[in-house]
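Okay, so here's the structure we're looking at.
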Amino acid sequence: MNQAVAPPTSGAPELSIPRLLAGQKALVTGANSGIGQGVALALGQAGADVAVNYVVDDDAAQSVIDKLHGFGVKAMKIKADVSDEDQVAAMFKQAINAFGTIDILVNNAGLQRDSAFHDMTLEQWNKVISVNLTGQFLCAREAVREFTRRGVIPEVSCAAGKIICMSSVHQEIPWAGHANYASSKGGIKMLMESLAQEVASLKIRVNAIAPGAIRTPINTNAWNTKEAYKALMTLVPYGRIGEPEDIARAAVWLASDQSDYVVGTTLFVDGGMTLAPGFATGG
Ligand code: BGC
């Protein structure tokens, strides 16, 4: 019998995406799979043109582009390693040349290189910090430069630009065996808040989303067997795994003028994972 467990729908609602972003231009990093793919598609459904960044798997990026075209928006794929300064600069140049500007950056690209601490190599440490944290710095810097150059165009948005940093519940929850990853996410929290404080007066809004356990390739082992899914659910009070669409809807809202007064906030989208679930029956 098939042991796969997180049920295909997991009870997540199917909701349509409101067209809150018509006429805006977005760049989503790591948009060829997982949460990034879900966010890129939702921004397109909300009416934004979308630049799809990826570093591996050209076919997957192309299929995101094809789906975006199906929503009647412009879409382009851009291969670039977010931890490489020159490639990031070239990526923004390409997107801005094609779209005219960028209004929304979703700093999503991230990875894990898990290891017991005493065995963790410097390479594993550096890889995670450079993609997850330095990558967000490099992309945010290019975005801020473009937002500042252009300023507010009231017909498009009340803000000069929006940056959404993809963090994790592990910006708060320590994670044994994942010291590099948790450190990168703790770093994203302070990067996001410091930047938000610095550029708010320029009408640039910087916020973060902290996803919990979302059904994506990064954590397949946490949900693809009955035992794993059951163990995972002891950490999720809401009783289901998250879907990329759960994060995508939050991203659409944070990118839109509906959240205009939301500045420097981390929105936890985690089914209650950060509520110390063990205390529901103990303590
Ligand atoms: C990690 C996943 C993990 C989730 C909850 C995410 O940030 O990438 O692997 O399942 O946090 O622990």
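Being a predicted model, the structure only gives us computed values, none of them experimental. Read the numbers this way: they start at 1 and go in the same order the structure lists the ligands and their atoms.
Residues Asp57 and Asp59 form a side-chain contact, since some pair of their non-hydrogen atoms from C-beta on lies under 4.5 Å apart.
Shortest contact from atom 12 (O) of ligand 1 to any protein heavy atom: His170 NE2, 2.7 Å. Distance from atom 3 (C) of ligand 1 to its nearest protein heavy atom, with residue and atom name: Trp175 CH2, 3.8 Å. What sits closest to atom 7 (O) of ligand 1 on the protein, heavy atoms only, is Tyr181 OH, 2.5 Å.
Note that CD1 of Ile35 and CD1 of Ile218 are 8.0 Å apart. Values are rounded to the nearest 0.5 Å. Going from atom CD1 of Ile153 over to atom OG1 of Thr101 covers 7.0 Å, rounded to the nearest 0.5 Å.
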Under 3.5 Å, side-chain donor or acceptor atoms of residues 124-131 against the rest of the protein: list the pairs with distances, not counting sequence neighbours.
| from | atom 1 | to | atom 2 | distance (Å) |
| --- | --- | --- | --- | --- |
| Gln124 | OE1 | Thr121 | N | 2.9 |
| Gln124 | OE1 | Thr121 | OG1 | 3.4 |
| Ser130 | OG | Asn126 | O | 2.9 |
| Ser130 | OG | Lys127 | O | 3.2 |

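A donor and an acceptor atom, one from each side chain of Gln62 and Asp66, are located under 3.5 Å apart.
Numbered from 1 in the order shown, with element, the atoms of ligand 1 that lie under 4.0 Å from a heavy atom of Ser168 read 6 (C), 7 (O), 11 (O). For ligand 1, the atoms sitting less than 4.0 Å from at least one non-hydrogen atom of Asn219 are 2 (C), 9 (O), 10 (O), numbered in the order shown with element in parentheses.
Using a 4.0 Å cutoff on heavy atoms, Gly212 counts as a contact of ligand 1.
In this pair, His170 and Trp175 present their aromatic rings parallel. The plane angle is below 30°, not in the 30 to 60° band.
Of the heavy atoms in Gln112, only side-chain atoms (C-beta onward) come closer than 4.0 Å to ligand 1.
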